[in-house]
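Atom set for the values below is all heavy atoms of this structure, side chains included, hydrogens, waters and symmetry mates excluded.
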Amino acid sequence: QVPLVESGGGLVQAGDSLRLSCAASGRSFNRYTLGWFRQAPGKEREFIGAIRWNGGIPWYGDSEKGRVTIARDNGKNTVYLQMNSLKPEDTAVYYCAANQFGAITSKSQDYDYWGQGTQVTVSS
């Protein structure tokens, strides 16, 4: 089991920025990929982006491309999702997830461990 704990969600206004955190604990994550997803009510889980724990640049899906940045802090075992110019349609539960094989993948089924999610609500 890989505990992942998201934080930083909340209620914001359209146009605001928000930074979510995903704290990982329990083991070494050198070979892992950490990904961010979101799920709005009645919709499928959607890939936002991901980053390998041991290096490399992040890669992003199409949903928020250009408005999000993923970064990691290995010393704090934390991955961040910076979101800018938020829109009401960004309202969702945001999850971080870990792929234990360092795979480059946007498929939720390829991720082995998931956090509990953090709610982001964007008002118009």
J.: Within a strict 4.5 Å, meaning less than it, do heavy atoms of the Gln119 and Thr91 side chains meet?
T.: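 Yes, close enough: below the 4.5 Å cut-off.
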J.: Find out if a path of hydrophobic residues (ILVMFWY) with successive side-chain heavy-atom gaps under 4.5 Å connects Tyr113 to Trp36.
T.: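 Yes, Tyr113 and Trp36 fall within the same hydrophobic cluster.
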J.: Say you draw a straight line from CH2 of Trp59 to OG1 of Thr105; how long is it, rounded to the nearest 0.5 Å?
T.: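 OG1 of Thr105 is found 8.0 Å from CH2 of Trp59.
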J.: To the nearest 0.5 angstrom, please state how far the OH atom of Tyr111 sits from the CZ atom of Phe47.
T.: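 Between Tyr111 OH and Phe47 CZ, I get 5.0 Å after rounding to 0.5 Å.
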J.: Would you name the heavy atoms of Leu20 and Gly9 that are closest together and state the gap between them?
T.: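 Closest heavy-atom pair between Leu20 and Gly9: CD2-N, 3.5 Å.
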J.: Is any side-chain heavy atom of Val79 less than 4.5 Å from a side-chain heavy atom of Ile70?
T.: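 Yes. Closest side-chain heavy atoms under 4.5 Å.
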J.: What is the distance from atom CD of Gln39 to atom OH of Tyr95, rounded to the nearest 0.5 Å?
T.: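 Here the rounded value is 5.5 Å.
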J.: Donor-acceptor pair, Gln100 side chain versus Arg31 backbone, under 3.5 Å?
T.: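 No: the side chain of Gln100 does not pair with the backbone of Arg31.
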J.: Nearest 0.5 Å please: distance from the OG atom of Ser124 over to the NZ atom of Lys87.
T.: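 It comes to 14.0 Å.
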J.: Looking at Ala92 and Ala40, what are the two nearest heavy atoms and their distance?
T.: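 The answer is CB-N, 3.8 Å.
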J.: Could you tell me whether a side-chain N or O of Thr33 sits under 3.5 Å from a main-chain N or O of Ala103, the two making a donor and an acceptor?
T.: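 Judged by distance alone, yes, a pair lies under 3.5 Å.
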J.: Do Thr69 and Tyr60 touch side chain to side chain, with heavy atoms closer than 4.5 Å?
T.: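 They are in side-chain contact.
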J.: How long is the gap from CG on Asp112 to CZ on Phe101, to the nearest 0.5 Å?
T.: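 One gets 6.0 Å once the value is rounded to the nearest 0.5 Å.
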J.: When you compare the side chain of Leu4 with that of Leu34, does any pair of heavy atoms fall below 4.5 Å?
T.: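 In short, these two side chains touch, coming nearer than 4.5 Å.
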J.: Verify the cluster assignment for Val93 and Trp114: are they in a single hydrophobic cluster under the rule of side-chain heavy atoms below 4.5 Å apart?
T.: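 In one cluster with Val93: Trp114, yes.
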J.: For residues Ile104 and Phe37: do they belong to one hydrophobic cluster (side chain heavy atoms under 4.5 Å, members Ile, Leu, Val, Met, Phe, Trp, Tyr)?
T.: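 Shared cluster, yes.
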J.: Hey, does the side chain of Asn99 reach the backbone of Asp110 with a donor-acceptor pair shorter than 3.5 angstrom?
T.: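 Side chain of Asn99 to backbone of Asp110, a donor-acceptor pair under 3.5 Å: yes, one is there.
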J.: Can you tell me if Glu44 has over 12 outside heavy atoms packed within less than 6.0 Å of its CD?
T.: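 Not buried by this count: 12 neighbours or fewer within 6.0 Å.
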J.: Looking only at atom types and distance, does a side-chain atom of Arg72 sit under 3.5 Å from a main-chain N or O of Asn54, one as donor and one as acceptor?
T.: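 Checking the backbone N and O of Asn54 against the side chain of Arg72, no donor-acceptor pair under 3.5 Å is found.
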J.: Give the minimum heavy-atom separation between Ser17 and Leu86, together with the two atoms involved.
T.: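 Looking at all heavy atoms of both residues, the shortest contact is C-CD1, 4.2 Å.
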J.: About how many Å separate CG of Leu81 and CD1 of Ile51, when rounded to the nearest 0.5 Å?
T.: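 Those atoms lie 11.0 Å apart.
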J.: Would you name the heavy atoms of Gln116 and Val5 that are closest together and state the gap between them?
T.: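 Looking at all heavy atoms of both residues, the shortest contact is OE1-CA, 3.8 Å.
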J.: Does the pair Asn77 and Trp53 meet the rule for a side-chain contact (heavy atoms from CB on, under 4.5 Å), with working shown?
T.: CA-CA 9 Å; Asn77 272 8; Trp53 197 263; 3.6 Å; yes
J.: Answer whether the closest heavy-atom distance between the side chains of Val120 and Arg38 falls below 4.5 Å.
T.: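 Result no, sub-4.5 Å side-chain heavy-atom pair not found.
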J.: Val12 and Ile48: same hydrophobic cluster, using ILVMFWY side-chain contacts below 4.5 Å?
T.: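 Yes, one cluster joins them.
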J.: Could you pull out the closest heavy-atom pair between Thr78 and Lys76, with the gap in Å?
T.: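 For Thr78 and Lys76, the tightest heavy-atom pair comes out as OG1-O, 2.8 Å.
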J.: Minimum heavy-atom separation for Ala50 to Gly35, with atom names?
T.: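 Between these two residues, the closest heavy atoms are CB-CA, 3.7 Å.
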